[in-house]
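Note sheet for the following structure.
Per chain, numbering begins at 1; letters A, B, ... match sequence-line order.
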Amino acid sequence: DTEVTQTPKHLVMGMTNKKSLKCEQHMGHRAMYWYKQKAKKPPELMFVYSYEKLSINESVPSRFSPECPNSSLLNLHLHALQPEDSALYLCASSPESANSPLHFGNGTRLTVT
Amino acid sequence: GQNIDQPTEMTATEGAIVQINCTYQTSGFNGLFWYQQHAGEAPTFLSYNVLDGLEEKGRFSSFLSRSKGYSYLLLKELQMKDSASYLCAVRSGGSYIPTFGRGTSLIVHP
């Protein structure tokens, strides 16, 4: 079982839809991350929040909009996505220390039709 | 930037030993992680190396040589459930955020 919980597990959406992915952790971690992963590829960093503030945006298109309502929650709002955005979206958290690993959620499998 | 290289795919026999290599080029090396990822699931943490040498955890061991920019993950007594992708991830500079290699897909056959 993962200590980082993501919902939903699967999501199918049309290109005109608006949806949100949710992530929750209760380990007291102050850094939270969104990654995108295509099949047989490594996770690609999208966003990093540190102490509830956006610290890194890896030039992600504006159709992806992150939000960190509090230290335990991380959302990713989706709007006007393209079929090539179909992927596994992984949330992760970690303490802000160099020797601490990332703890990943099980991901949301997103399909854009 | 960082350059992390791993073999794309490896195969091995159940009960055997396999070594998965990872080489990296980075400035300000600050730690290397190994993760295991089964298809469609989250990566799970296996090991962390920041000093040279071997770290052992049950059937899995990880080695680091900072001067050579080299690490390996050693899996002993392979089981079918070890079939997965193994990701090497490197931290560098002042960042606590790791960069992932492309991963090595390990196939264990009977």
Side-chain angles (χ1 to χ4, degrees), chain A residues 1-11 21 23-25 27 29-51 54-58 86-111, chain B residues 1-10 20 22 24 26 28-51 55 57 60 62 64 66 73 83-107:
Chain A
D1 286 340
T2 180
E3 296 170 329
V4 178
T5 304
Q6 287 188 246
T7 56
K9 291 185 179 180
H10 301 274
L11 179 62
L21 309 185
C23 175
E24 188 170 0
Q25 59 89 13
M27 294 179 282
H29 292 169
R30 304 316 296 263
M32 295 187 76
Y33 312 71
W34 281 115
Y35 282 85
K36 173 183 177 180
Q37 187 176 28
K38 300 282 251 184
K40 301 193 178 189
K41 299 287 187 184
E44 295 176 27
L45 184 65
M46 300 175 72
F47 302 104
V48 181
Y49 273 81
S50 175
Y51 289 86
L54 183 65
S55 61
I56 294 177
N57 175 343
E58 291 287 325
S86 299
L88 180 68
Y89 287 84
L90 293 163
C91 173
S93 71
S94 74
E96 277 197 5
S97 60
N99 63 349
S100 296
L102 300 183
H103 296 252
F104 285 90
N106 281 329
T108 294
R109 174 70 61 189
L110 175 67
T111 303
Chain B
Q2 299 180 50
N3 185 19
I4 303 170
D5 195 31
Q6 306 177 234
T8 304
E9 188 173 291
M10 299 182 70
I20 303 174
C22 172
Y24 62 89
T26 188
F29 173 82
N30 195 22
L32 186 146
F33 298 83
W34 283 97
Y35 286 84
Q36 178 193 61
Q37 186 177 25
H38 287 98
E41 297 182 11
T44 55
F45 169 70
L46 292 177
S47 68
Y48 171 73
N49 295 74
V50 67
L51 299 176
E55 295 282 340
K57 270 189 183 182
F60 293 2
S62 58
L64 176 68
R66 289 172 296 170
L73 182 69
S83 293
S85 181
Y86 291 86
L87 299 160
C88 170
V90 176
R91 279 183 172 150
S92 64
S95 174
Y96 56 88
I97 301 167
T99 298
F100 285 87
R102 63 184 172 180
T104 298
S105 177
L106 174 66
I107 301 169

Lys38(A) NZ: over 12 foreign heavy atoms closer than 6.0 Å: yes

Which atoms of Leu102(A) approach chain B - backbone, side chain, both or neither, heavy atom under 4.5 Å: both

Taking every non-hydrogen atom, the tightest pair across Ser100(A) and Arg91(B): O-NH2, 2.7 Å

Heavy-atom closest pair, residues Leu90(A) and Gln37(B): CD1-NE2, 4.3 Å

For Pro42(A) against Gly101(B), the heavy-atom pair lying closest together: CB-O, 2.9 Å

Contacts of type side chain to side chain donor-acceptor pair (under 3.5 Å), residue Arg66(B), not counting sequence neighbours: Asp52(B)

Heavy-atom pair of closest approach, residues Gly105(A) and Ala42(B): O-CB, 2.7 Å

For Pro101(A) against Phe45(B), the heavy-atom pair lying closest together: CB-CD1, 3.3 Å

Pro43(A) side chain near Leu87(B) side chain, heavy-atom distance below 4.5 Å: yes

Value rounded to 0.5 Å, distance of OH in Tyr35(B) from CZ in Phe104(A): 5.5 Å

Heavy-atom closest contact (Arg109(A) atom, Gly40(B) atom, distance): NH2-CA, 3.8 Å

Qualifying residues under side chain to side chain donor-acceptor pair (under 3.5 Å), relative to Ser93(A), sequence neighbours excluded: His29(A)

Atom pair CG/CD1 of Leu45(A) and Ile97(B) - distance to nearest 0.5 Å: 6.0 Å

Atom group of Glu44(A) that falls short of 4.5 Å from chain B, counting heavy atoms: neither

